[in-house]
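Have a look at the structure below before the remarks.
Indexing begins at 1, ligand by ligand and atom by atom, following the structure's order.
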Amino acid sequence: MRVTMIGTGYVGLISGACFAEFGHDVICVDRDFAKIAGLRRGEVPIYEPGLHDLLRANVGQGRLSFATAIEEPVRASDVIFIAVGTPSRRGDGHADLSHVFDAAREIAPLVEGFTVVVTKSTVPVGTGDEVERIIREARPDADVVVVSNPEFLREGAAIHDFKHPDRIVIGTNDERAKNAMTEIYRPLNLNQAPMLFTSRRTAELIKYAANAFLATKISFINEIADLCEKVGADVQEVAHGIGLDNRIGPKFLHAGPGFGGSCFPKDLRALIKTAQDHDVPLRILEAVAATNDTRKRAMARKVSAVFNGTLRGKTVAVLGLTFKPNTDDMREAPSLALITALQDMGAQVRAFDPAGMGRAQDVLSDVIYCDNAYDCAESADALVIATEWEQFRALDLQRLRDLMDCPVVVDLRNIYRPEEMHRYGFTYTGVGRSLAAPAIANTASFDGLASLAKSAEKASSL
Ligand SMILES: NC(=O)c1ccc[n+]([C@@H]2O[C@H](COP(=O)([O-])OP(=O)(O)OC[C@H]3O[C@@H](n4cnc5c(N)ncnc54)[C@H](O)[C@@H]3O)[C@@H](O)[C@H]2O)c1
């Protein structure tokens, strides 16, 4: 089939490349000239494992190309995907749909013959109706069906997710559109990925409900983690214990600094706003959004608590900046609020991230960026693990301890074992599993820290 992807960001580029891999002829369009020029030169604008090879193979085989002008691709396409951004609208938290509606207005005068227009962007219930209205108003004669096909891929595992989805949700009641969508996803259908056909509005809501539910799971375990810290329980064992129940499941039960990224926070806000507009306030989700917002900044207090509440004159090393590993996406990353709070408390922040430092520099100031984890830890008074990149999971702990001025580690992803860290002489704080780290005086010596570490070890073994 001939496919146009409007919007060549994380979703558009990966979906376009995967559709090309399925054998379709795909043109990815974007209004960002520099991005398209780079892609034509073989440069990949985002960090996503496997994407470079996938693009090269499909461009090489002539199934995938890139353009800034939409006229030719739209005229020639059987299916046009809209995969543009839907960020939070400034000021009120509703989804900003201006890019989606712009795309609809651009498509309308150009479509020829039967064409399926698919909203892949995450959009509030009823957006498909408005896209259809825009197209019909401009082109009453057009043979167009507007379909909702929300995307569930995760950055960092996006190609795998696209090719092995848990389900493909298609929102349309039109038989011709159903056939076109079945055809476009045929290889996945052969792999038995369930295709769920629903009404357009239902499909739109499925996407938001899924993200909101996952966000709720995260906030739930984060609050349980806070309780664990007070009562001397271990949140990882609690998560394991409840996750073994099939009705609950083990995923999205990792306590941490709060969820971030390009989807959960803004989708949660948009769903809450939609519900308020329909006079059905979603109180649970309002609480999830509120607790998550305050949590990111509160993580800085885990660091200051070790130094009796003040970080003035201290150097804090932060490992990991992106909202999760294997991406360079910094949108709403917990590290942003964390670092700002550390700086507000008077700390000098050093940071290292394997892929996110380029984008981080656009949004964070006064941070010293380092070449690797050890460079980052050098002469630091505390080290914070903010993102669980694989390369941070097996650091040389003796080397780390020797490099640091003060052996304090705050592990916001629980990737180290408290006993092991205490053995190396670290004062170690995780999330929801160690007893609160004892506060130390600002003048505490290295030896003093080691003995505090010992007493913390004793306490945690009680
Ligand atoms: N990033 C994810 O992991 C993810 C996962 C599932 C769903 N989504 C949803 O998919 C949508 C896209 O997200 P993203 O992360 O890919 O966004 P993005 O910001 O990375 O990319 C959007 C692209 O669209 C382009 N664009 C905007 N208006 C355009 C127009 N009229 N014509 C051509 N190009 C235009 C922009 O230049 C940009 O390159 C959002 O609704 C998002 O919520 C994202």
Write out all pairs satisfying ring pair (Phe, Tyr, Trp, His ring centres under 6.0 Å) with one or both partners inside residues 166-188, taking only residues at least two apart or from two chains.
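Listed once each, the pairs are F19-Y185.
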Side-chain donor-acceptor pair present, Q276, E286, cut-off under 3.5 Å:
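Short answer, yes.
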Run the side chain to side chain donor-acceptor pair (under 3.5 Å) test against E112 and tell me which residues pass, sequence neighbours left out.
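In terms of side chain to side chain donor-acceptor pair (under 3.5 Å), with neighbours along the sequence ignored, E112 is linked to no residue.
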Flag the pair L342 / V303 as yes when at least one side-chain heavy-atom distance between them is below 4.5 Å, and no otherwise.
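Sidechains of V303 and L342: in contact.
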What does the N/O contact table under 3.5 Å look like for ligand 1?
| from | atom 1 | to | atom 2 | distance (Å) |
| --- | --- | --- | --- | --- |
| ligand 1 | 1 (N) | E155 | OE2 | 2.8 |
| ligand 1 | 1 (N) | S262 | OG | 3.3 |
| ligand 1 | 3 (O) | E155 | OE2 | 3.3 |
| ligand 1 | 15 (O) | R331 | NH2 | 3.0 |
| ligand 1 | 16 (O) | Y10 | N | 3.0 |
| ligand 1 | 16 (O) | V11 | N | 2.9 |
| ligand 1 | 19 (O) | R331 | NH1 | 3.4 |
| ligand 1 | 20 (O) | Y10 | N | 3.3 |
| ligand 1 | 31 (N) | R31 | NH2 | 3.2 |
| ligand 1 | 34 (N) | R31 | N | 3.3 |
| ligand 1 | 37 (O) | D30 | OD1 | 2.6 |
| ligand 1 | 39 (O) | D30 | OD1 | 3.3 |
| ligand 1 | 39 (O) | D30 | OD2 | 2.6 |
| ligand 1 | 39 (O) | K35 | NZ | 2.6 |
| ligand 1 | 41 (O) | T86 | OG1 | 2.5 |
| ligand 1 | 41 (O) | T122 | N | 2.9 |
| ligand 1 | 43 (O) | T122 | OG1 | 3.4 |
| ligand 1 | 43 (O) | K266 | NZ | 2.5 |

When you measure from the centre of the six-membered ring of F152, is the NZ or CZ of R167 under 6.0 Å away and within 45° of the axis?
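Here R167 passes the 6.0 Å and 45° test against F152.
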Quick one: side chains of residues 363-372, donor-acceptor pairs under 3.5 Å with protein atoms, not counting sequence neighbours, listed by atom name and distance.
| from | atom 1 | to | atom 2 | distance (Å) |
| --- | --- | --- | --- | --- |
| N372 | OD1 | Y374 | N | 3.0 |
| N372 | OD1 | D375 | N | 2.7 |

